[in-house]
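Structure first, then comments.
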Amino acid sequence: CIINYQKLGIIIPTKNRSNFLIRQLYYYPKTNCQYPIYIGDSSNDEHLERVLNAVDKLKDHISIIHAVYPETNASAAMLKLTKSVKEKYVVFTGDDDFLIPKSI
């Protein structure tokens, strides 16, 4: 079964790991990833600011939906994100992991 890219969203919960997340966000445009990225961010102000700056720089290259969930753990952030996904299918990845878009 081949899934149309318009029907799949990538969910990434994160908390205070902006370096990992930003590295991943810059990776996806380089692989011509067409899937929207949903970020559930529970980070403190310092990490949140870094992520927001990266999202702003990448907004013309990849679709990123960034939601802030203060004082929320990764599981709760992921659950909240699933309610925001508009695509029919979702895939989860950690903020320190990489998915290979052509293999999804």
In Å and rounded to the nearest 0.5 Å, what is the OG1 to CE distance from Thr72 to Met78? 13.0 Å
With side chains defined as the heavy atoms from C-beta onward, is the minimum distance between Leu48 and His66 less than 4.5 Å? yes
What closest approach, in Å, do Tyr26 and Ala54 show between heavy atoms, and which atom pair accounts for it? CE1-CB, 4.2 Å
Do Pro36 and Ile65 touch side chain to side chain, with heavy atoms closer than 4.5 Å? yes
Short side-chain to backbone donor-acceptor contact, Gln24 and Gly94, under 3.5 Å: yes
So CG of Asp96 and CG of Asn19: to nearest 0.5 Å the spacing works out to 12.0 Å
Look up atom NZ in Lys57 and atom NZ in Lys59, then write down how far apart they are to the nearest 0.5 Å. 12.0 Å
Heavy-atom distance under 4.5 Å between the side chains of Leu99 and Tyr35, does that happen here? no
Cationic tip of Arg17 above Phe20 ring, under 6.0 Å, 45° of axis: yes
With a 4.5 Å limit on heavy-atom distance, are the side chains of Ile64 and Ile39 in contact? yes
Test item: Ile62 and Leu25 side chains (from C-beta on) under 4.5 Å apart, heavy atoms: no
Under 3.5 Å side-chain donor-acceptor pair for Tyr38 and Glu87: yes
Inter-residue atom distance Lys15.NZ - Leu21.CG, 0.5 Å rounding: 15.0 Å
I need the minimum non-hydrogen distance between Ser42 and Tyr69, along with the two atoms involved. OG-O, 3.0 Å
Same apolar cluster: Phe98 and Val90, side chain cutoff 4.5 Å: no
Can you tell me how far OG1 of Thr14 sits from CG of Asp41, rounded to the nearest 0.5 angstrom? 5.5 Å
Taking atom CG as the centre, does Asp97 end up with more than 12 heavy-atom neighbours from other residues, nucleotides or ligands that are less than 6.0 angstrom away? yes
Just so I know, are the side chains of Phe92 and Thr82 near enough to count as touching, which here means a heavy-atom distance under 4.5 Å? no
Using the rule that Ile, Leu, Val, Met, Phe, Trp and Tyr join whenever any side-chain heavy atoms are under 4.5 Å apart, tell me whether Ile12 and Val85 fall into a single cluster. no
Between His47 and Asn16, what is the shortest heavy-atom contact and its length? CE1-O, 3.3 Å
All heavy atoms of Ile10 vs all of Cys33, minimum pair found to be CD1-SG, 4.2 Å
Contact check, side chains of Ile22 and Arg50, non-hydrogen atoms, under 4.5 Å: yes
State, to 0.1 Å, how close Ile11 and Leu81 come at their nearest heavy-atom pair, and which atoms those are. CG2-CD1, 3.5 Å
Roughly how far apart are Ser18 OG and Glu49 CD, rounded to 0.5 Å? 10.0 Å
On a heavy-atom basis, which atom in Tyr27 and which in Ile100 lie closest, and how many Å separate them? OH-CA, 3.8 Å
